[in-house]
Amino acid sequence: MAGGSDAVTLIANVPLFAALDEKKRKVIASQGKELTYKEGASIVDEGTMGVGFYLILEGKAEVRKGSKVLATLGKGQFFGEMSLIDEAPRSADVVAVSPTRCWALSSWSFSSIVKSNPEMAIVMLKEVVKRLRAAQSSPTS
Ligand code: CMP
């Protein structure tokens, strides 16, 4: 089953999809696929073109720029949206720091879902602003 019941459950509980009704969430869940990564595996590579959007189902991933850790993301958090939004290369590496399962959407599905559910864009924007504020307040090195 594409997406899996796990993805349906998680999607119901993450802020990004919380405003959508159950029917929509089920359709969305069926459009993604689950991917698993071993500890240390690279999920996204800085500088490459983005082909997917990721939601963490289980595990932890670090967002890294060179030797700097920009953020640690866990269950229910997303990444990979930036490159899909502006069609520019990935802004950072994202590396699994424990065995990690993600639910991933292709760039095409991501665009189509966001266009038909604009309330998602607002939630995503709020999270991106939160990350920008955190980045601004973190010491530079
Ligand atoms: P993208 O540029 O497609 O690929 C790398 C991803 O890391 C990026 O999308 C964001 O999802 C995430 N990311 C980049 N910078 C930060 C940051 N400062 N804090 C949290 N996540 C980030």
Side-chain angles (χ1 to χ4, degrees), residues 1-22 24-141:
M1 182 173 55
S5 57
D6 203 15
V8 178
T9 309
L10 186 80
I11 282 170
N13 292 305
V14 294
L16 186 57
F17 300 103
L20 312 181
D21 64 33
E22 198 185 340
K24 275 188 177 170
R25 290 197 300 253
K26 278 192 176 160
V27 171
I28 290 172
S30 73
Q31 291 182 35
K33 62 175 179 182
E34 282 189 31
L35 300 171
T36 57
Y37 299 91
K38 291 183 179 149
E39 184 179 337
S42 172
I43 307 176
V44 156
D45 296 312
E46 183 179 356
T48 61
M49 288 312 291
V51 290
F53 166 86
Y54 302 81
L55 185 66
I56 300 178
L57 296 173
E58 191 176 29
K60 277 200 179 341
E62 272 182 4
V63 181
R64 297 179 186 164
K65 190 128 181 141
S67 59
K68 192 175 179 200
V69 176
L70 301 179
T72 303
L73 306 175
K75 183 174 176 172
Q77 291 188 290
F78 65 80
F79 59 92
E81 77 294 348
M82 288 174 58
S83 192
L84 303 192
I85 291 168
D86 68 0
E87 296 175 10
R90 295 294 196 191
S91 60
D93 295 318
V94 184
V95 179
V97 290
S98 69
T100 297
R101 268 190 318 129
C102 291
W103 175 81
L105 273 180
S106 68
S107 51
W108 188 88
S109 295
F110 173 79
S111 305
S112 141
I113 289 168
V114 176
K115 277 179 193 151
S116 28
N117 300 285
E119 58 272 52
M120 273 179 61
I122 302 291
V123 180
M124 208 179 311
L125 202 50
K126 281 189 178 163
E127 176 63 24
V128 170
V129 169
K130 192 171 150 190
R131 291 177 187 182
L132 179 60
R133 286 188 188 279
Q136 285 173 339
S137 63
S138 76
T140 50
S141 60

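These numbers were taken from a predicted model, which means no experiment stands behind them. Along the sequence shown, the residues carry numbers beginning at 1. Counting starts at 1 for both ligands and their atoms, in listed order.
For a heavy-atom separation below 4.0 Å, the residues in contact with ligand 1 are V44, V63, L70, A71, F79, G80, E81, M82, S83, R90, S91, A92, V94, R131.
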Could you pull out all donor-acceptor pairs under 3.5 Å where a side-chain atom in residues 115-123 meets a protein atom, sequence neighbours excluded?
residue: S116; atom: OG; partner: S112; partner atom: O; Å: 2.6
residue: N117; atom: OD1; partner: K24; partner atom: NZ; Å: 3.2
residue: N117; atom: ND2; partner: I113; partner atom: O; Å: 2.9

Without placing hydrogens or testing angles, list every side-chain donor-acceptor pair under 3.5 Å for residues 11-20, not counting sequence neighbours.
residue: N13; atom: ND2; partner: T9; partner atom: O; Å: 2.9

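For the 3.5 Å distance criterion, the side chains of S42 and D45 qualify, holding a donor opposite an acceptor.
With salt bridges taken as basic N to acidic carboxylate O contacts below 4.0 Å, none links E58 and K75.
Distance alone, capped at 3.5 Å, places no donor-acceptor pair between the K33 side chain and the L105 backbone.
Every residue two or more places apart in sequence or in another chain that forms a ring-ring contact (aromatic ring centres under 6.0 Å, His included) with F78 is listed here: F53.
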